[in-house]
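Step one of this worksheet: look at the structure below.
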2 protein chains.
Amino acid sequence: MGNPLPRDPIADAQRNWERHGWGDVAAPMAAITAIMRTQQILLARIEGVLKPFGLTFARYELLALLSFARSGALPMNKASALLQVHPTSVTNAVDRLQDAGLVVRSPHPTDGRTTLIELTAEGRTLAKSATAALNTEVFGQSGFAGQDVDQLIRILGNFRRNAGDFAD
Amino acid sequence: MGNPLPRDPIADAQRNWERHGWGDVAAPMAAITAIMRTQQILLARIEGVLKPFGLTFARYELLALLSFARSGALPMNKASALLQVHPTSVTNAVDRLQDAGLVVRSPHPTDGRTTLIELTAEGRTLAKSATAALNTEVFGQSGFAGQDVDQLIRILGNFRRNAGDFAD
DNA sequence: GCAATATACTAGGACATCCAAGGGTTTGGA
DNA sequence: TCCAAACCCTTGGATGTCCTAGTATATTGC
């Protein structure tokens, strides 16, 4: 989307914050802005790898989640909770995955309100291929040093727990 | 969007990865997934604080950027580069900010291709208020320990440099 | 000087996310 | 037993992001 900038725009923002008398929150501001930007970079890489499979990250995540469920099926509300996205986002993803023949909707055997999402054979195969590609091309070359990976997992894990993501 | 889960879904995913023989990339996968989720949490907090001001994060970022430019004006392509988003995203944000009377478009004095975005008095005032609110309600209570903030800035700064964000 | 190339912005389209609302199903207490 | 409250999914609308053209203006090179 552009060439490298001569200077780090986030470091500049941090300096601006300090210059305006907000030095006490300049560092967390910079950290949070860096998280936003890093997410954007990673998402672009992931989408790039998934594109040849006809998948987006949102759809891949759902496919991967289903592939780890023993039965290959999950209620939509369960998927929504585990992926931590709004139920309407799951509806949207399932619509498209179903159109692509990768999942099917089936009624819950005992609860008439619930819809199960079920992986098709084709969906399971594609999930495997896409995962292999992501492992090789993204996770295997994340650009994070081993020790930094551990730091990130620890720091962000604490943050997510405090934010109410999980009780653990 | 939901209550806390009994267990950390990302730690579960990491275990699944290991169980399937991808132990060598399970940790980076978990770190990257955690970044995605953390971004989502932070964005929701920020949007919540900005909503009373009639702003979204994308619009706020542009407003804040302009407020730090000495003249209060920037070419659209410059804004696109500094915010590191696609030019069409800037067009979109400017359209809405202009409708709200917070910025105006003006022609570049010497380059007929370029459009300048200029902060209005109203826009400058709102930027100040919104920044104060974000500093108090988000950056001032980020939930990150002081030392962890430094770690994040360092780790993500290295990542962004390697990703080609800036030369520095 | 003029054509070819590069740059700047915008229009249209595909996706994803959230919120608000609506219709069907279960559950639980009176 | 039965109705209100709770729960589940979907539809419709607002935003934001990106990509692919398309139009207009500048620059370059011959």
Side-chain angles (χ1 to χ4, degrees), chain A residues 1-3 36-37 39-48 50-51 53-63 74-100 103-117, chain B residues 1-3 36-37 39-48 50-51 53-63 74-100 103-117:
Chain A
M1 195 153 26
N3 302 310
M36 310 299 271
R37 173 58 184 154
Q39 186 268 351
Q40 186 184 22
I41 294 169
L42 290 169
L43 182 58
R45 285 190 193 170
I46 290 171
E47 298 274 14
L50 292 177
K51 198 180 188 83
F53 296 95
L55 290 175
T56 62
F57 186 47
R59 297 178 211 168
Y60 167 77
E61 277 194 295
L62 183 50
L63 230 45
L74 277 179
M76 302 210 32
N77 65 334
K78 193 100 183 188
S80 169
L82 291 174
L83 296 176
Q84 306 186 268
V85 295
H86 200 278
T88 53
S89 297
V90 177
T91 294
N92 185 317
V94 171
D95 283 349
R96 298 170 193 282
L97 288 172
Q98 191 162 38
D99 287 348
V103 305
V104 290
R105 269 182 248 245
S106 61
H108 189 286
T110 67
D111 190 333
R113 297 168 300 182
T114 300
T115 300
L116 292 176
I117 325 165
Chain B
M1 197 154 26
N3 302 310
M36 310 299 270
R37 173 60 185 155
Q39 185 268 351
Q40 187 183 22
I41 294 169
L42 289 169
L43 182 58
R45 284 190 193 170
I46 291 171
E47 298 274 15
L50 292 177
K51 197 179 189 84
F53 296 94
L55 290 174
T56 62
F57 186 48
R59 297 178 210 168
Y60 167 76
E61 277 195 297
L62 183 50
L63 230 46
L74 277 179
M76 303 212 26
N77 64 336
K78 193 102 182 185
S80 169
L82 291 173
L83 296 176
Q84 306 187 269
V85 295
H86 199 276
T88 53
S89 296
V90 176
T91 294
N92 185 318
V94 171
D95 283 349
R96 299 169 193 282
L97 287 172
Q98 191 162 39
D99 287 348
V103 306
V104 291
R105 267 182 249 243
S106 60
H108 189 286
T110 68
D111 189 333
R113 299 169 298 182
T114 300
T115 301
L116 292 175
I117 325 165

- Task: Output the distance between atom CD (B:Q40) and atom CD (A:Q84), rounded to the nearest 0.5 Å.
- Result: 7.0 Å
- A:S89 vs C:dA16: side-chain N/O to OP1/OP2 distance below 4.0 Å: no
- Report the distance from atom CZ of B:R113 to atom C1' of C:dC9, rounded to the nearest whole Å. 11 Å
- Query: If only atom types and distance count, is the side chain of A:S80 paired as donor or acceptor with the main-chain N or O of A:V85 below 3.5 Å?
  - Reply: yes
- Message: Once you apply a heavy-atom cut-off of 4.0 Å, does B:T114 come out as touching a base, just sugar-phosphate, or nothing?
- Response: sugar-phosphate
- Which residues within residues 54-62 of chain A lie with some heavy atom under 4.0 Å of an atom in DNA chain C? A:T56, A:A58, A:R59
- Message: Measure CG/B:L74 against P/C:dC9 and give the value in whole Å, please.
- Response: 11 Å
- Minimal non-hydrogen separation, A:H108 against A:D111, with atom names: ND1-N, 3.0 Å
- Task: Give one of base, sugar-phosphate or nothing for A:T115, where a contact means two heavy atoms less than 4.0 Å apart.
- Result: sugar-phosphate
- Item | Whole-Å distance separating the CG atom of A:D111 from the P atom of D:dC8 | 8 Å
- Task: Starting at atom CD1 of A:I46, determine the distance to atom P of C:dA16, rounded to an integer number of angstrom.
- Result: 14 Å
- Query: Within the pair A:T88 and D:dC9, is there a side-chain N or O less than 4.0 Å away from OP1 or OP2?
  - Reply: no
- Message: How long is the straight-line distance from OG1 of B:T91 back to CZ of B:R96, given to the nearest 0.5 Å?
- Response: 11.5 Å
- What nucleic acid atoms does B:N92 come within less than 4.0 Å of, heavy atoms only: base, sugar-phosphate, or nothing? base
- Note on the structure: Rounded to whole Å, CD of A:Q84 lies from P of C:dA16 at a distance of 19 Å
- Query: B:N77 side chain: which of C:dA8, D:dC18, D:dT11 is closest?
  - Reply: C:dA8
- Quick one: closest heavy-atom pair of B:I117 and B:A79, and the distance? CD1-CB, 4.1 Å
- From NE2 of B:H108 across to C1' of D:dT27 the rounded distance in Å is 15 Å
- Message: Distance check, rounded to the nearest 0.5 Å: B:R37 atom CZ versus B:L42 atom CG?
- Response: 10.0 Å
- Message: Whether A:R105 contacts D:dT10 is assessed here as follows: a side-chain N or O lying under 4.0 Å from the phosphate OP1 or OP2. Is that the case?
- Response: yes
- Interatomic distance where CZ belongs to B:R96 and P belongs to D:dA14 [whole Å]: 10 Å
- Roughly how many Å is it from CD in A:Q98 to P in D:dC9, rounded to a whole number? 14 Å
- Message: Could you check whether any side-chain heavy atom of A:R59 comes within less than 4.5 Å of a side-chain heavy atom of A:T56, counting everything from C-beta outward?
- Response: yes
